Amino acid sequence: MAGKILGTTVYYDADCNLSKLQGKKITVLGYGSQGHAHALNLKENGMDVTIGLRAGSSSWKDAEEAGLTVKETAEAVKGADIVMVLIPDELQAEVYANDIEPNLKEGAYLAFAHGFNIHFGKIVPREDVNVFMVAPKGPGHLVRRTFQEGSGVPCLYAVEKDPSGDTEEVALAWASGVGGGRSGILETNFKSETETDLFGEQAVLCGGVTELIKTGFEVLTEAGYEPVNAYFECLHEMKLIVDLIYEGGFQKMRHSISNTAEYGDYYVGPKIITADTKKAMEQVLADIQSGKFADDFLADSKNGQPFLKQHREAAAKHPIEAVGSELRGLMSWLK
Ligand code: NAD
Ligand code: MG
């Protein structure tokens, strides 16, 4: 049953009522990373799920082969009681204006897996519409895989608008239906989910980690060390160390490494992540909170993604990728 962890309420399957979804017409827009996972998990829980896609979408066939009904976005929204929007964040506002709102039934539930568009005011739903979020704290493919294995990825949920009075129950049922109630469903709000999610991926998980690995690799190879050594030290071992931290915190990791490594950890860490780095992180957070990041990201998308494409291309050419692809070919355990 529900409990509290450090002030946050955590719900499990026993607290959720799947009947809040039964008999409702459910539409999932998009059949990508999150879309296929939500749709298939709910379908296997007995729900009536339709997928909405663009005409000619490459995912159309996959969804049909998985036994789902597929319609064009606008058609899929018509008559739906719940519409979960799982298309890329940068496209949602336009699709909402053109295809969703004009076809959205009075009193329907509109749902998201990330608070971005609602929180930054890019989508402003009609007054009669209930709005909630279920955000799995993991990639969509794990939401599907863990569900099939009998476990699930923890989910955040939030309610933004509740004219019907039961949106929280519907949100909890959704989170349970996709498998989140097997590991925990945590209550949050759109602002907190959006801002912490963006900060985490930018400063720590994606932006922070890749720059750290890449810079370490460059320093070693530019000093003349073998690229293979540099790759193992800076990239491959990252997972082994992070696994220990994940299992038992910094202490478990530091217990497992040598005293030499632990001494070096304390001796050097603060010289790399300095007071200036912390200041830069605070600025990153301020740009997220002010909406500057959201506006820059959406402007790039509108212009055909020049920033995204240029950086994606440059990153693919970095020597660490060539070294990695050769080495991983030799790692039998990765196949
Ligand atoms: P994705 O890029 O994997 O998939 C997007 C899907 O939308 C594709 O099937 C695409 O064909 C479809 N699509 C594109 N334009 C469309 C349109 N006009 N009409 C209908 N369908 C259209 O996206 P994703 O990574 O699953 O992200 C979806 C949402 O989930 C986003 O809000 C994202 O922030 C959130 N989210 C994603 C993850 C993740 O694991 N990737 C984790 C948590 C939250
Ligand atoms: Mg994220």
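Since the model is a prediction, treat every value here as computed from it, not as a measurement. First listed ligand is number 1; within each ligand, the first listed atom is number 1.
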Quiz item: Hey, does Asp265 have a side-chain heavy atom less than 4.5 Å from the side chain of Met253?
Solution: yes
Quiz prompt | Distance filter under 4.0 Å to Leu91 heavy atoms, resulting ligand 1 atoms | solution = 15 (N)
Quiz item: Quick one: which ligand 1 atoms are inside 4.0 Å of a heavy atom on His114?
Solution: 32 (O), 34 (O)
Quiz item: Under 4.0 Å from any heavy atom of Gly52, which atoms of ligand 1 are there?
Solution: 20 (C), 21 (N)
Quiz prompt | Distance under 6.0 Å and angle within 45° of ring axis: Lys309 vs Phe307 | solution = no
Quiz item: Is there any N or O on Thr73 that sits under 3.5 Å from an N or O of ligand 1?
Solution: yes
Exercise. Within a distance under 4.0 Å of any heavy atom of Pro139, pick out the atoms of ligand 1 and give their elements.
Key: 40 (O)
Quiz prompt | Test item, Leu86 contacting ligand 1 (heavy atom, 4.0 angstrom) | solution = yes
Practice problem: Could you go through the side chain to side chain contact (heavy atoms under 4.5 Å, CB included) check for Tyr266 and Arg254 one step at a time? | Solution: CA-CA 10 Å; Tyr266 306 131; Arg254 284 170 173 152; 3.4 Å; yes
Quiz item: Can you list the atoms of ligand 1 that are under 4.0 Å from a heavy atom of Tyr31?
Solution: 6 (C), 8 (C), 9 (O)
Quiz item: Is the closest side-chain heavy-atom distance between Phe250 and Ile245 below 4.5 Å?
Solution: yes
Exercise. Run down the list Gln92, Met133, Arg54 and name the one with the heavy atom closest to atom 18 (N) of ligand 1.
Key: Arg54
Quiz item: Hey, is Glu195 close enough to Lys191 for a salt bridge, meaning N to O under 4.0 Å?
Solution: yes
Quiz item: So, His119 and Glu160: side-chain donor and acceptor under 3.5 Å apart, yes or no?
Solution: no
Exercise. Let me see the working for Lys279 and Glu282 under salt bridge (charged side-chain N to carboxylate O under 4.0 Å, His left out), right down to the final yes or no.
Key: CA-CA 5 Å; Lys279 271 211 190 90; Glu282 286 162 356; over 6 Å; no
Quiz item: Nearest non-hydrogen atom to atom 32 (O) of ligand 1 belongs to which of Asp197, Asp89, Thr194, Leu156?
Solution: Asp89
Quiz item: ligand 1 and Gly140, any nitrogen or oxygen pair closer than 3.5 angstrom?
Solution: yes
Quiz item: Is Arg328 positioned over the aromatic face of Tyr231, cation under 6.0 angstrom from the ring centre and no more than 45 degrees off axis?
Solution: no
Quiz item: What atoms of ligand 1 come within less than 4.0 Å of a heavy atom belonging to Val95?
Solution: 18 (N)
Practice problem: Give the numbers and elements of all ligand 1 atoms closer than 4.0 Å to a heavy atom of Ser59. | Solution: 9 (O), 11 (O)
Quiz item: Asp81 and salt bridge (charged side-chain N to carboxylate O under 4.0 Å, His left out): which partner among Lys105, Lys24, Lys20?
Solution: Lys105
Quiz item: Between the candidates Pro88, Gly32, Ser57, Ala63, which shows the shortest non-hydrogen contact distance to atom 2 (O) of ligand 1?
Solution: Pro88
Quiz prompt | Sub-4.0 Å atoms of ligand 1 with respect to non-hydrogen atoms of Ser33 | solution = 3 (O), 25 (O), 26 (O), 39 (C), 40 (O), 41 (N)
